[in-house]
Amino acid sequence: KLSNDLNIEAAITDNNVPIQPDGNTQQIQEFDKIFIRLSKDKNIFTAGDIEIQPLAKNYFLKYNRKSQGADFQTSFSPGLSSRDEMFVRANGSFGKGRYTRQNITAVEGNLGPYKLKGSNNETFIIVLAGSEKVFIDGSLLTRGEDNDYIIDYNTAEITFTTKTIITSKSRIVVEFEYSDKNYSRSLITSDIDYKAGKFTAGFSIFSESDLKNQTIQQDLSNDQKLIMSLVGDSIQNAYTSGVNQIGFTTERVMYAMVDSLGYDSVFVYSTNTDSARYALTFSNVGKNNGNYVQTGSSANGRVFKWVVPVAGVPQGEYEPIMQLITPKKKEMYAFRAGIDFDKTTSLQAELAISNNDVNLFSDINDGDNTGQALTLSFRDIQSIGHDTIKKWKNTTQVRTEMINRRFQEIDRFRSVEFSRNWNLDMMENSGNTWFGQADVMLHNELNDKVRLSSGFFMRNADNASYQNLLQINRHWKNTILNSTGSYLASPAAGNKTNFLQYQNSLLQKFGKLS
């Protein structure tokens with residue numbers, strides 16, 4: 001406390017510790033998190049290692065990023081009306097990692113380790129400590145040897161404990177940030193909120209962009225930049241030859257070029273000083289997309305072997321090419337407005353505009369980068385009965401969403417099981433979407449609840465899903481009843497499907513037993 005109204009808070013160390021925590025406990029200590037924070041009245045300035053989350057109540061704009069930079073927050077009265085208030089927050093930093101979401105294919109009875117991959121299918125990544133969220137069948141798990149899973153951040157491998165049951169039907173979803181050393185990345189966020197009486201308004205911005213002229217691990221030549229500028233959004237075609245004729249050396253795995261069964265320019269592993277003149281860099285291009293397979297390794301690295309195509313179809317998954325990683329940019333602008341008609345009734349609206357450019361080196365195909373999303377929400381809460389601890393309330397909420405097919409979310413804004421609950425994987429996904437839901441819930445302060453919900457999701461009038469849900473939670477002195485059931489009717493590849501889900505539990509307490 002430097003003075004009556006000026007405070008300083010800091011975490012400073014002289015030693016740069018280039019390691020991460022093990023990821024086998026519920027709580028982790030980040031060894032190298034350095035920051036300094038100054039606060040005076042309603043002004044807060046933070047610089048160093050910071051974790052950025054939206055402070056505004058956005059519906060579409062969700063994110064959580066670890067970064068290095070500066071963050072400033074303040075609130076004041078602009079004087080536009082009596083007793084109004086404005087909150088402003090701005091952040092400029094360099095992002096530490098890239099966000100991705102991965103669905104893991106579970107193996108019956110296998111607790112792991114399961115390998116995590118990057119958004120470009122990179123296999124050798126480092127997960128940022130504490131950034132992961134792990135879900136199984138929609139339930140969020142807890143990290144720790146005594147809990148649900150452990151994770152090795154440096155090898156990007158997750159292993160589940162014996163408390164977790166893994167079957168071939170388990171739906172495993174992992175959201176995480178990983179260290180991406182292709183480009184330096186700028187991160188700019190801002191939140192502005194204004195409130196005057198019953199009216200509220202706000203604006204938020206998120207911009208995450210690779211700096212295309214500041215590469216880290218890859219040195220791009222002018223020819224490679226030209227290749228990326230010509231492929232547009234077809235970034236899978238951004239590659240260059242991985243063949244380098246350097247002459248024989250004992251320090252690398254060397255190959256000779258031969259003709260084989262009518263195929264020319266076939267490379268075979270060789271230690272012959274006269275013919276082994278080629279050093280190759282291989283990339284995984286997917287099964288039956290390449291002509292080479294990995295056959296083993298030597299002291300200098302992995303060895304690959306050419307296999308004969310069958311009926312013109314390649315039988316391998318590797319090719320002697322170098323995949324070029326294009327610089328990318330993701331942006332979103334969110335506009336909010338709301339009005340409280342009284343203490344119990346409110347109307348909220350939000351418009352979000354996204355801009356997603358997967359190749360900053362090219363202007364080709366940029367016409368489909370932007371998309372829009374709009375949501376309207378009405379909420380009303382009415383009290384029922386007398387003012388006692390068992391006073392009941394009736395909450396009615398109606399929400400509608402309209403989302404353009406080009407709209408791209410920053411992080412997931414819906415529930416992790418939303419796609420499954422609404423059978424979206426079986427629906428045509430090329431159109432705009434409309435979603436609406438009406439909720440009527442009777443509840444009290446003892447957590448008793450009766451909820452009835454009805455909604456629809458569609459991309460056109462002939463391709464709509466309809467769902468009804470009933471939830472009952474009842475608490476007596478020693479008895480607890482929780483029951484939820486939902487019924488979905490939806491299209492699936494030209495057919496109609498019906499999906500009934502229900503969960504019921506009845507708990508009775510007998511002293512210390514239940």
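Values reported hereafter were calculated over all heavy atoms of this structure, with side chains retained and with hydrogens, waters and symmetry mates removed.
The number of heavy-atom neighbours closer than 6.0 Å to NZ of Lys133, taken from other residues, nucleotides and ligands shown, is 12 or below. No more than 12 heavy atoms of other residues, nucleotides or ligands lie within 6.0 Å of NZ in Lys287, so this atom counts as exposed by the packing criterion. Applying the 6.0 Å contact sphere to CD1 of Ile339 captures more than 12 heavy atoms from other residues, nucleotides or ligands. The neighbour count for Phe87 CZ, taken as heavy atoms of other residues, nucleotides or ligands under 6.0 Å away, is above 12. Annotation: Lys225, atom NZ; neighbour count of heavy atoms from other residues, nucleotides and ligands within 6.0 Å is above 12. Residue-environment remark: CG (Asp146) stays at or below the threshold of 12 foreign heavy atoms within 6.0 Å. When the shell of 6.0 Å around CZ of Phe94 is examined, it contains 12 or fewer heavy atoms from other residues, nucleotides or ligands.
Listed by chain and number, the residues in a ring-ring contact (aromatic ring centres under 6.0 Å, His included) with Tyr178 amount to none (sequence neighbours excluded). The ring-ring contact (aromatic ring centres under 6.0 Å, His included) search around Tyr183 returns none, not counting sequence neighbours. Taking the side-chain contact (heavy atoms from CB on, under 4.5 Å) definition, one finds that Asn468 meets it with Ser454, sequence neighbours left out. With sequence neighbours excluded, no residue forms a ring-ring contact (aromatic ring centres under 6.0 Å, His included) with Tyr333. Thr189 pairs by the side-chain hydrogen bond (donor to acceptor under 3.5 Å, both in side chains) definition with nothing, not counting sequence neighbours. For Glu108, the side-chain contact (heavy atoms from CB on, under 4.5 Å) partners are Thr167, Ser168, not counting sequence neighbours. Among residues two or more places apart in sequence or in another chain, the ring-ring contact (aromatic ring centres under 6.0 Å, His included) test is passed with Phe413 by Tyr59, Phe60. Taking Gln372 as the reference, nothing meets the side-chain hydrogen bond (donor to acceptor under 3.5 Å, both in side chains) condition, with sequence neighbours excluded. Judged as a side-chain contact (heavy atoms from CB on, under 4.5 Å), and not counting sequence neighbours, the contacts of Arg171 are Asp137, Glu417, Arg420. Scored by the side-chain hydrogen bond (donor to acceptor under 3.5 Å, both in side chains) test, Tyr487 finds Asn498 as partners (sequence neighbours excluded). With sequence neighbours excluded, the residues that form a side-chain contact (heavy atoms from CB on, under 4.5 Å) with Asn423 are Met426, Leu488, Ser490, Ala492, Thr497.
If you check the side chains of Thr46 and Asp71, you find no donor sitting under 3.5 Å from an acceptor. Side-chain N/O atoms of Asn91 and Ser93 include a donor and acceptor closer than 3.5 Å.
Atom CG of Leu116 is separated from atom CD1 of Ile104 by 5.0 Å, given to the nearest 0.5 angstrom. Distance CG/Asp148 to CG/Leu141: 4.5 Å, rounded to 0.5 Å. Considering NZ of Lys57 and CZ of Arg336, their distance stands at 10.5 Å, rounded to 0.5 Å. We find the CG-CZ distance between Leu187 and Phe206 to be 5.0 Å, quoted to the nearest 0.5 Å. Atom NZ of residue Lys212 and atom CG of residue Leu220 lie 11.5 Å apart, to the nearest 0.5 angstrom.
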Trace of the salt bridge (charged side-chain N to carboxylate O under 4.0 Å, His left out) decision for Asp210 with Arg98:
CA-CA 10 Å; Asp210 291 333; Arg98 182 185 295 275; 2.9 Å; yes
Residue pair Asp448, Arg474: steps toward the salt bridge (charged side-chain N to carboxylate O under 4.0 Å, His left out) verdict:
CA-CA 5 Å; Asp448 294 329; Arg474 187 72 172 93; 3.0 Å; yes
Using the side-chain hydrogen bond (donor to acceptor under 3.5 Å, both in side chains) rule, take Arg459 and Asn432 through it: C-alpha gap first, then chi angles, then the decisive distance, then the call.
CA-CA 5 Å; Arg459 292 192 168 96; Asn432 304 331; over 6 Å; no
What do the steps show when you test Arg406 against Asp368 for salt bridge (charged side-chain N to carboxylate O under 4.0 Å, His left out), and what is the final call?
CA-CA 7 Å; Arg406 296 172 180 171; Asp368 60 354; 5.7 Å; no
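A donor-acceptor contact shorter than 3.5 Å is absent between the side chain of Tyr149 and the backbone of Glu145. Between the side chain of Tyr194 and the backbone N or O of Pro78 there is no donor-acceptor pair closer than 3.5 Å. Checked by atom type and distance alone, the side chain of Asp84 never pairs as donor or acceptor with a backbone atom of Ser77 at under 3.5 Å. Looking at Thr159, its side chain never comes within 3.5 Å of a backbone N or O of Gly112 through a donor-acceptor pair. Without hydrogens or angle criteria, Asp342 side chain to Thr345 main chain gives a donor-acceptor distance under 3.5 Å.
Residue pairs meeting the side-chain hydrogen bond (donor to acceptor under 3.5 Å, both in side chains) criterion with at least one partner in residues 352-365, sequence neighbours excluded, are Glu331-Asn355.
Using bins of under 30°, 30° to 60° and over 60° for the plane-to-plane angle, the ring pair Phe418/Phe457 lands in the perpendicular bin.
The salt bridge (charged side-chain N to carboxylate O under 4.0 Å, His left out) test with Glu208 singles out one residue from Arg65, Lys96, Lys330, Lys329, and that residue is Arg65. The salt bridge (charged side-chain N to carboxylate O under 4.0 Å, His left out) test with Lys66 is passed by exactly one of Glu51, Glu177, Glu132: Glu51. Evaluated for a side-chain hydrogen bond (donor to acceptor under 3.5 Å, both in side chains) with Thr375, the options Glu350, Glu401, Arg399 yield exactly one hit, Arg399.
Ring centers of Phe435 and Trp422: under 6.0 Å apart, within the cut-off.
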